[in-house]
Amino acid sequence: MIKAVRGTRDLLPPETALWNFVESAARDVFRAYNFQEIRTPIFEATELFARGVGEETDIVAKEMYTWEDRGRAASDSGQSLTLRPEATAGIVRAYIEHKLWDRGLNKLYCIGPMFRRERPQKGRYRQFYQIDAEVIGPASAGSDSPARDAEVLEMLATLLDRLGISDWNLELNSVGTPADRVQFNAALRKALEPLVAQMCTDCQRRAVTNPLRVFDCKVPEDQPIIDTLPRITQFLGEDSRKHFDAVQEILTRVGVSFRINERLVRGLDYYTRTAFEFTHGALGAQNAILGGGRYDGLSEALGGPAAPGIGFAIGEDRLVMSLKETAEGVVRKPDVYVAPLGAGMNGEAAKLARELRHHDVVVELGDDAFRLKKSFEAATKAGAKYILIVGENEVKADAFALKNLATGEQVSVPRGELAQRIQG
RNA sequence: GUGGGAAUAGCUCAACUGGCAGAGCACCGGACUGUGGCUCCGACGGUUGCGGGUUCGAUUCCCGUUUCCCACCCCA
């Protein structure tokens with residue numbers, strides 16, 4: 001038997017109804033904030049992610065699905081391509097390619113699969129889905145403003161609340177500008193030097209490769225040491241600090257609760273200044289339901305003009321997992337089961353079903369080979385509200401037996417009144 | 001990439017120390033000819049993840065392997 005490959009999975013009904021529930025809620029909320037959809041390719045030139053996400057990140061260094069796409073002709077040299085591991089780089093590429101700065105501020109969202117070759121776990125798949133949104137444009141259009149950061153965060157709070165996910169936590173930090181981080185990193189290395197020998201092996205490695213990640217350490221014995229380390233906050237430049245203060249002020253004003261987490265660091269190189277995560281319990285070790293932040297230098301790193309931006313990625317798989325709503329609760333069941341009765345009635349039933357469907361009635365259609373008892377069983381199993389019998393008597397009278405399957409009430413309804421009766 | 005647990009019918013799970021692979025639910029049919037749910041009866045359903053080994057005999061013990069789960073790492 002051929003099975004879905006490791007780390008991928010089929011989403012089957014009725015669970016897919018939950019995914020549609022999430023996606024349509026997201027689209028509704030995005031519309032209210034004037035975000036518009038962008039769709040970028042699922043694979044891109046490998047170089048885009050290497051330069052955008054960062055060569056040194058785990059994503060680029062060891063998790064990408066990359067292959068050499070061979071040329072088909074002498075003039076076509078072939079190139080290294082990669083399945084997108086995240087959405088932002090592709091969107092910024094499109095921003096540059098189509099000169100979207102001519103439109104001023106761009107508020108874009110994108111929903112689709114991403115690919116990372118990690119060891120699968122609950123809430124972590126090799127093909128997974130993200131709901132992604134970005135605000136990007138020239139600084140003159142306000143893309144730089146703390147108002148945009150706050151707007152994005154408030155929008156996320158609205159979306160989660162609307163989905164019925166009430167017990168989320170917003171963790172907020174500023175990781176400063178690249179210049180701020182150079183200073184911070186140097187200070188961190190210096191502070192770690194005399195202490196690192198007492199720390200766990202992971203931290204000893206991090207201290208060399210990426211000192212920021214020491215803050216991620218969960219080993220209890222290391223915590224007192226980590227508490228003594230310098231904090232990024234102490235190294236923020238005047239602009240970064242003011243920006244961060246302004247974001248917090250607006251959030252407080254609009255009533256979105258958050259927690260400053262000075263230890264929040266992010267694994268993609270492009271993040272600057274505001275960085276955030278929304279977490280949720282009951283997700284196990286993968287407790288981050290979404291994450292994001294500013295990437296003020298990304299466009300320039302990709303060869304474009306200065307274009308500050310802020311965005312986030314929601315882990316849709318994890319979002320669906322943390323939903324209280326059940327698939328049964330959001331799936332739309334048939335309004336009516338149309339039951340052809342007696343040989344040759346399929347045509348009449350199909351005609352009636354067509355009329356009802358044109359009135360936006362959800363119709364399940366039976367088969368005239370079924371005995372009436374079997375039609376009733378099928379209607380009940382399908383969860384239909386009504387069953388509509390299309391037999392010889394009914395066709396002759398042009399009025400049909402309509403039975404409410406819950407109450408057992410049965411009436412004869414003229415053809416023209418059926419849709420209204422079923423929907424009412 | 002590292003460490004641990006698990007894998008038996010479509011689903012949830014049994015099967016003593018190695019001795020004929022089972023139940024509930026679901027599905028299909030019947031009781032019941034144009035009236036469902038409830039009930040009763042019946043049928044279907046398996047290379048016990050895969051490959052090898054030990055044994056008279058392996059779902060059971062051993063080795064390998066794959067996948068899933070948990071944790072690390074990292075991230076959404």
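Below, read A as the first sequence line, B as the second, and so on, with proteins coming before strands; counting in each chain starts at 1.
Rounded to whole Å, the distance from CG on A:Asp58 to C1' on B:C74 is 5 Å. Taking atom OH on A:Tyr125 and atom C1' on B:C70, their separation rounds to 13 Å, with Å as the unit. Straight-line distance from the CD atom of A:Glu171 to the C1' atom of B:C75: 15 Å, rounded to whole Å. Taking atom CG of A:Leu323 as the reference point, atom P of B:A76 lies 20 Å away to the nearest angstrom. Between the P atom of B:A31 and the NZ atom of A:Lys374 lies a distance of 14 Å, rounded to the nearest Å. Taking atom CZ of A:Phe370 as the reference point, atom P of B:U35 lies 17 Å away to the nearest angstrom. Residue A:Glu118 contributes atom CD, which lies 14 Å from atom P of B:C68 at whole-angstrom precision. One interatomic measurement links the two molecules: OH of A:Tyr129 to C1' of B:C75, which rounds to 18 Å at whole-angstrom precision.
By the side-chain contact (heavy atoms from CB on, under 4.5 Å) test, A:Pro120 is found to be paired with A:Arg6, A:Arg126, residues two or more places apart in sequence or in another chain being considered. Not a single side-chain contact (heavy atoms from CB on, under 4.5 Å) links A:Gln36 to another residue, sequence neighbours left out.
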message = A:Arg39 vs A:Glu37, test: salt bridge (Lys or Arg N to Asp or Glu O under 4.0 Å). Steps then yes/no.
response = CA-CA 7 Å; A:Arg39 300 194 189 194; A:Glu37 184 172 17; 3.1 Å; yes
inquiry  = Please determine whether side-chain contact (heavy atoms from CB on, under 4.5 Å) holds for the pair A:Tyr271 and A:Asp296, giving the CA-CA distance in whole Å, both sets of side-chain angles, and the decisive distance to 0.1 Å.
reply    = CA-CA 8 Å; A:Tyr271 284 113; A:Asp296 293 339; over 6 Å; no
request  = Could you give me the CA-CA distance, side-chain angles and deciding distance for A:Glu154 and A:Thr158, then say whether side chain to side chain donor-acceptor pair (under 3.5 Å) is met?
outcome  = CA-CA 6 Å; A:Glu154 187 266 318; A:Thr158 299; 3.0 Å; yes
message = With side-chain contact (heavy atoms from CB on, under 4.5 Å) as the criterion, how do A:Ser299 and A:Ile96 come out once you've worked through the C-alpha distance, each side chain's angles and the decisive distance to 0.1 Å?
response = CA-CA 7 Å; A:Ser299 174; A:Ile96 297 166; 3.9 Å; yes
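Taking the P atoms as reference points, B:G51 lies 15 Å from B:U66, given to the whole Å. Look at the C1' atom in both B:U55 and B:C13: the space between them is 29 Å, to the nearest Å. Taking atom P on both nucleotides, B:C11 is separated from B:C68 by 16 Å, rounded to a whole Å. Atom name C1', nucleotides B:G42 and B:C27: the rounded distance is 14 Å, in whole Å. Taking the P atom of each, B:G10 and B:G49 are spaced 13 Å apart, rounded to whole Å. B:A43 and B:G30: their C1' atoms are spaced 10 Å apart (whole Å). Of the C1' atoms belonging to B:G46 and B:G22, the separation is 12 Å, rounded to the nearest Å. Nucleotides B:A9 and B:A23, compared at atom C1', are 11 Å apart to the nearest Å.
Annotation: A:Tyr109 is in aromatic contact with A:Phe30 [ring centroid separation under 6.0 Å].
Between A:Gln121 and B:A71 there is a side-chain polar atom (N or O) within less than 4.0 angstrom of OP1 or OP2.
Residues from residues 393-400 of chain A placing a heavy atom under 4.0 Å of any atom in RNA chain B, listed by number, are A:Asn393, A:Glu394. Only A:Arg6, A:Gly7, listed by number, bring a heavy atom of residues 5-19 of chain A to less than 4.0 angstrom from any atom of RNA chain B. Shown for residues 85-95 of chain A: no residue has heavy atoms falling under 4.0 angstrom of RNA chain B.
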Name each donor-acceptor pair under 3.5 Å that joins a side chain in residues 313-324 of chain A to protein atoms two or more places apart or in another chain, with its distance.
unit_1: A:Asp317; atom_1: OD1; unit_2: A:Tyr129; atom_2: N; d: 2.8
unit_1: A:Asp317; atom_1: OD2; unit_2: A:Arg9; atom_2: NH2; d: 2.7
unit_1: A:Arg318; atom_1: NE; unit_2: A:Gly123; atom_2: O; d: 2.7
unit_1: A:Arg318; atom_1: NH1; unit_2: A:Ala288; atom_2: O; d: 2.9
unit_1: A:Arg318; atom_1: NH2; unit_2: A:Gly123; atom_2: O; d: 3.1
unit_1: A:Ser322; atom_1: OG; unit_2: A:Arg318; atom_2: O; d: 3.0
unit_1: A:Ser322; atom_1: OG; unit_2: A:Leu319; atom_2: O; d: 3.0
unit_1: A:Lys324; atom_1: NZ; unit_2: A:Gly164; atom_2: O; d: 3.2
unit_1: A:Lys324; atom_1: NZ; unit_2: A:Ser166; atom_2: OG; d: 3.3

N/O donor-acceptor pairs under 3.5 Å from side chains in residues 343-352 of chain A, not counting sequence neighbours:
unit_1: A:Asn346; atom_1: OD1; unit_2: A:Asp368; atom_2: N; d: 2.9
unit_1: A:Asn346; atom_1: ND2; unit_2: A:Asp368; atom_2: OD1; d: 3.3

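Here the nucleotide nearest the side chain of A:Arg371, chosen from B:C73, B:A31, B:C74, is B:A31. Comparing B:G36, B:C75, B:G34 against the side chain of A:Arg116 picks out B:C75 as the nearest. Comparing B:C69, B:G34, B:A76 against the side chain of A:Lys122 picks out B:C69 as the nearest. For A:Lys381, whose side chain is taken as the heavy atoms from C-beta onward, the closest listed nucleotide among B:C72, B:G30, B:C28 is B:C28.
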Sort me out a list of protein N/O and nucleotides 3-7 of chain B N/O pairs below 3.5 Å, or just none if empty.
unit_1: B:G3; atom_1: O6; unit_2: A:Arg119; atom_2: NH2; d: 3.1

Could you go through nucleotides 11-13 of chain B and list every protein N or O atom that sits under 3.5 Å from one of its N or O atoms, giving the distance for each pair?
none

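Within 6.0 Å of the CZ atom in A:Arg117, the count of heavy atoms belonging to other residues, nucleotides or ligands does not exceed 12.
Counting atom types as modelled, A:Arg124 pairs a side-chain N or O with a base atom of B:C73 as donor and acceptor under 3.5 Å.
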inquiry  = Output the pairing pattern of RNA chain B as a dot-bracket string, 5' first, Watson-Crick or G-U wobble with both distances under 3.5 Å, | for cross-strand pairs, [ ] for crossing pairs.
reply    = (((((((..((((.....[..))))..((((.......))))......(((((..]....))))))))))))....
ask   = Taking protein heavy atoms under 4.0 Å as touching, what does nucleotides 37-51 of chain B look like 5' to 3' if B marks base contact, S marks sugar-phosphate-only contact and - marks none?
value = B--------------
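Counting only distance, with no hydrogens or angles, the side chain of A:Arg357 and the backbone of A:Val363 share a donor-acceptor pair below 3.5 Å.
Residue pairs that meet the ring-ring contact (aromatic ring centres under 6.0 Å, His included) test with at least one member in residues 41-67 of chain A, sequence neighbours left out, are A:Phe43-A:Trp67.
Place A:Ala4 and A:Ile289 on RNA chain B by their nearest nucleotides, and A:Ala4 ends up nearer the 5' end.
Donor-acceptor pairing under 3.5 Å is lacking for the side chains of A:Tyr337 and A:Thr380.
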